[in-house]
There are 2 protein chains.
Amino acid sequence: MKPPGIHDIARTLGVSIGTVDRALHGRPGINPATRARVLKKAEELGYRPNIAARSLKLNRRIRIGVYFPREIASFFDSLRAGVRAAASTSVGLSIDLVFRTFPRLDEGDVELLRADAHESFDGVLVAPGNPLRIGPALRGLVQRGIPVVCVSSDAPRSERLASIAVDSLTSGAIAAELFSRVMQKPGTLATITGELTTLDHAEKLRGFAANLALLAPHLALLPAIESHEQPELAHKQALALLRQAKRPAGIYLSTANSIPVLRALEETKLLGEVQVITTDLFPELVPYIETGKVLATLYQRPFVQGKTALEILLNHLVNGTKPDPVRRLAPHIVLRSNIGLFAREIDTPGEFLI
Amino acid sequence: MKPPGIHDIARTLGVSIGTVDRALHGRPGINPATRARVLKKAEELGYRPNIAARSLKLNRRIRIGVYFPREIASFFDSLRAGVRAAASTSVGLSIDLVFRTFPRLDEGDVELLRADAHESFDGVLVAPGNPLRIGPALRGLVQRGIPVVCVSSDAPRSERLASIAVDSLTSGAIAAELFSRVMQKPGTLATITGELTTLDHAEKLRGFAANLALLAPHLALLPAIESHEQPELAHKQALALLRQAKRPAGIYLSTANSIPVLRALEETKLLGEVQVITTDLFPELVPYIETGKVLATLYQRPFVQGKTALEILLNHLVNGTKPDPVRRLAPHIVLRSNIGLFAREIDTPGEFLI
DNA sequence: ACGGACAACGTGTACGTTACCATAACGTTG
DNA sequence: CAACGTTATGGTAACGTACACGTTGTCCGT
């Protein structure tokens, strides 16, 4: 009653297990007719390779290069934690994670990849900033046979194996719907983003604008402000925005770099006055949500992203599966009523997974 | 540079691998002093057992009994799909899933468990209805050394290994917060639930009532209606509710059994008039959300629940880990703007995981 | 002093797979 | 026709672990 192995195939066919191995793995040195017989019999017996035995025999160490920025730390630290979690729960294969860190999105990433050109990774995880800049470097990796998985944003046309991120269009659309529900009176909305060259950020704003036009035509939209992930700049821009005559009734912060803006709101005594929807979640943000000063935040689930990204990559390396080229997670809508669940998670990152 | 094995421990200590094996696994026939030395050296070398080798040697088939109800099918089919997904991605061990199905929550479950008393499962997954009724049966399993994991609701005091479910208090609290945001004018709210003896259902209503009192004191709450997961009954109750003089301005449906109620709303031409928040997600519900006739639904992520439940159980069986006794998932808040993501998932269950 | 009982420890084998070497049959070449 | 390459195949050693079994050593009663 035990599952059939290559021995069973060999025995019923009267050949040796060496032959069966050659047939099953497309190795040379076997008569095409024999190969066909073996494959047919394998199918017939419902042969599934015993992965424990395989990985025991091969005992290969898998080296994965992980290229994530340092800033915004709250986000990318969780992403790294997720990657580590996936590595530690994988059974029967030993994985070397090589973390490479560059200052921020689209800053130093390409240089780091080029400097590591001699490294022989089995696979690479990367958080791409500007697809145009980083694209060629990724293509280079792929052409050397190294599969690349993009995390948290995408770099299409880079021939990467897969991309895993929160669905940014939806993320923006949710923000728009929430504003449309809460703000009945006409007014204007502002958006502060990171970097419009980053696909993920651009898409959030597209989703926001599109859904706002659909659901809340009474709300006008100011041109997007780019903070380039720099806290000081974001703070200055927010102050300027809030001090102008026609100040916005609501602000959508589509980057995790939201604290400087909230500080600006406090300084101008507009916190609670202006409706705010933020992105991502970290300890400093929690009290704003708990007190209702921030309406909601759209949690991008970095831990889950990191975990699934490595799972996809490993699955490809070990089993040769072709994953869906894009995988889009649903962001969590975090409100006063459910922040308790998430606050617990971000305090003990990696311990449980939401 | 390869990870140390029992051979390495044995060699550096000048003992045999047999002794190391006895020490590491608490087997008899070893001098306590030797055992201590081995354990210390193992720690020192950072010994991690090679799980591939272990499961190759043991080659045990693991039999898991899965006791879920048939109704509500949309929910429990996804739950089963999640369990299957976890089984198929586990590497190096062959798992026999034995699905047992009873008509509905708290109906035939205990009888089925008793009838299977002779079965020798290595572990059991169960969706408990009434903790009082099913508790003794579960305790019986545990005392026979069979670990039990509760899914989708809990049965505390049953000595189950763990329980995984959506955080029901939060689920109810979210519904209350959404109502409080959308309904500015005073009015009354009704709740229709499944079975108040089911812990999960009771907690949702507690969370709802508590948060409603906090955030929306202008909204009054009618006594909860129990539909006992029966579609016809739910339909009749809804009609009665809607035809009474002081009809509610909003309804919170805390059970997946929501379609009969929505039908009643259509028949009384009150759909869109009365604000509705539902629970869970299935194809029939999608158009209601897409058109805004239903404000939101709180998705309980059955697929994820099933997957993690089996993961927890297997992890315990294979590695002997003690999991957190309760694990609470955050429900997804599904609105017009993000239903697209979920609709894709429920159409192709198991293909991707949100 | 001897055998038996028992504790403590060593040895060998099997798990299913892959990698590699050995071998046999056959054709090609000088 | 000897020498050698090619092709298809068989045989076997690992990989690290678990477990049954065999081997020592010690103590004790007679």
Side-chain angles (χ1 to χ4, degrees), chain A residues 1-39 41-42 45-62 90-95 317-320, chain B residues 1-42 45-62 90-95 122 317-320:
Chain A
M1 273 299 80
K2 72 179 170 61
I6 56 171
H7 282 105
D8 303 297
I9 301 177
R11 195 159 21 78
T12 62
L13 245 47
V15 299
S16 78
I17 59 169
T19 302
V20 175
D21 179 60
R22 279 181 283 267
L24 290 176
H25 296 87
R27 291 185 233 279
I30 183 173
N31 190 321
T34 322
R35 158 166 301 152
R37 279 172 57 222
V38 171
L39 291 178
K41 181 60 74 179
L45 296 179
Y47 168 76
R48 310 265 80 188
N50 183 321
I51 309 187
R54 169 179 295 169
S55 58
L56 173 63
K57 182 63 185 75
L58 296 180
N59 195 18
R60 47 184 149 179
R61 303 183 69 75
I62 299 183
S90 85
V91 176
L93 28 98
S94 52
I95 297 158
L317 286 172
V318 176
N319 307 332
Chain B
M1 274 295 80
K2 72 179 170 57
I6 57 171
H7 282 105
D8 303 297
I9 301 177
R11 196 159 21 78
T12 62
L13 244 46
V15 299
S16 78
I17 59 167
T19 303
V20 175
D21 178 59
R22 279 181 281 267
L24 290 175
H25 296 88
R27 291 186 233 282
I30 183 173
N31 190 320
T34 322
R35 159 167 298 153
R37 279 172 58 224
V38 171
L39 291 178
K40 189 174 158 218
K41 181 60 75 178
L45 297 179
Y47 168 75
R48 312 264 82 189
N50 183 321
I51 309 185
R54 169 178 295 169
S55 57
L56 173 63
K57 184 67 187 75
L58 294 180
N59 197 17
R60 46 181 147 174
R61 305 185 67 76
I62 299 183
S90 85
V91 178
L93 27 100
S94 49
I95 298 158
D122 298 300
L317 286 172
V318 176
N319 307 330

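Per chain, numbering begins at 1; letters A, B, ... match sequence-line order. Below, each value reflects all heavy atoms present in this structure, side chains not excepted, and no hydrogens, waters or symmetry copies.
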What is the separation between atom [atom1] on [X] and atom [atom2] on [N], rounded to the nearest whole Å?
X	N	atom1	atom2	value
B:L58	C:dA14	CG	C1'	12 Å
A:L24	C:dA19	CG	P	13 Å
B:D8	D:dG16	CG	P	8 Å
A:L45	C:dG16	CG	P	14 Å
B:R48	D:dC15	CZ	P	22 Å
B:H25	D:dG16	NE2	C1'	12 Å
A:L56	C:dC15	CG	C1'	9 Å
B:L13	C:dG10	CG	C1'	15 Å

remark   = Contact string for nucleotides 8-14 of chain D, one letter per nucleotide 5' to 3', B = base within protein heavy-atom range under 4.0 Å, S = sugar-phosphate only, - = neither, reads BBBBB-B
query = What's the shortest heavy-atom distance between B:I62 and B:D122, and which atoms?
reply =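 Smallest heavy-atom distance, with atoms named: CA-OD2, 3.4 Å.
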message = Looking at every non-hydrogen atom in both residues, tell me the closest pair between A:L39 and A:A23 and how far apart they are.
response =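 Between these two residues, the closest heavy atoms are CD2-O, 3.9 Å.
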message = Once you apply a heavy-atom cut-off of 4.0 Å, does A:I6 come out as touching a base, just sugar-phosphate, or nothing?
response =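 Base, at least one base atom sits under 4.0 Å.
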task = Look up atom CD1 in A:I6 and atom CG in A:L13, then write down how far apart they are to the nearest 0.5 Å.
result =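 Rounded to the nearest 0.5 Å, the CD1-CG separation comes out at 13.0 Å.
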request  = Find the distance between OG (A:S16) and CZ (A:R11) and round it off to the nearest 0.5 Å.
outcome  =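 Between A:S16 OG and A:R11 CZ, I get 13.5 Å after rounding to 0.5 Å.
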query = Heavy atoms, side chains only, cut-off 4.5 Å: are A:Y47 and A:D8 in contact?
reply =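 No; the side chains remain at least 4.5 Å from each other.
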key: Residue from B:V20, B:L24, B:T19 passing side chain to side chain contact (heavy atoms under 4.5 Å, CB included) with B:R22   =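 One option only clears the test, and that one is B:T19.
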task = Look at the side-chain N and O atoms of A:R54 and state whether any lies under 4.0 Å from the OP1 or OP2 oxygen of C:dG16.
result =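 For A:R54, the contact criterion (side-chain N or O under 4.0 Å from OP1 or OP2 of C:dG16) is not met.
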key: Donor-acceptor contact below 3.5 Å, side chain B:R35 vs main chain B:R27   =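 Pair found, side chain donor or acceptor close to backbone of B:R27.
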message = Of the options D:dG16, C:dA19, C:dT17, whose atoms approach the side-chain atoms of A:N50 most closely?
response =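 Nearest nucleotide to the side chain: C:dT17.
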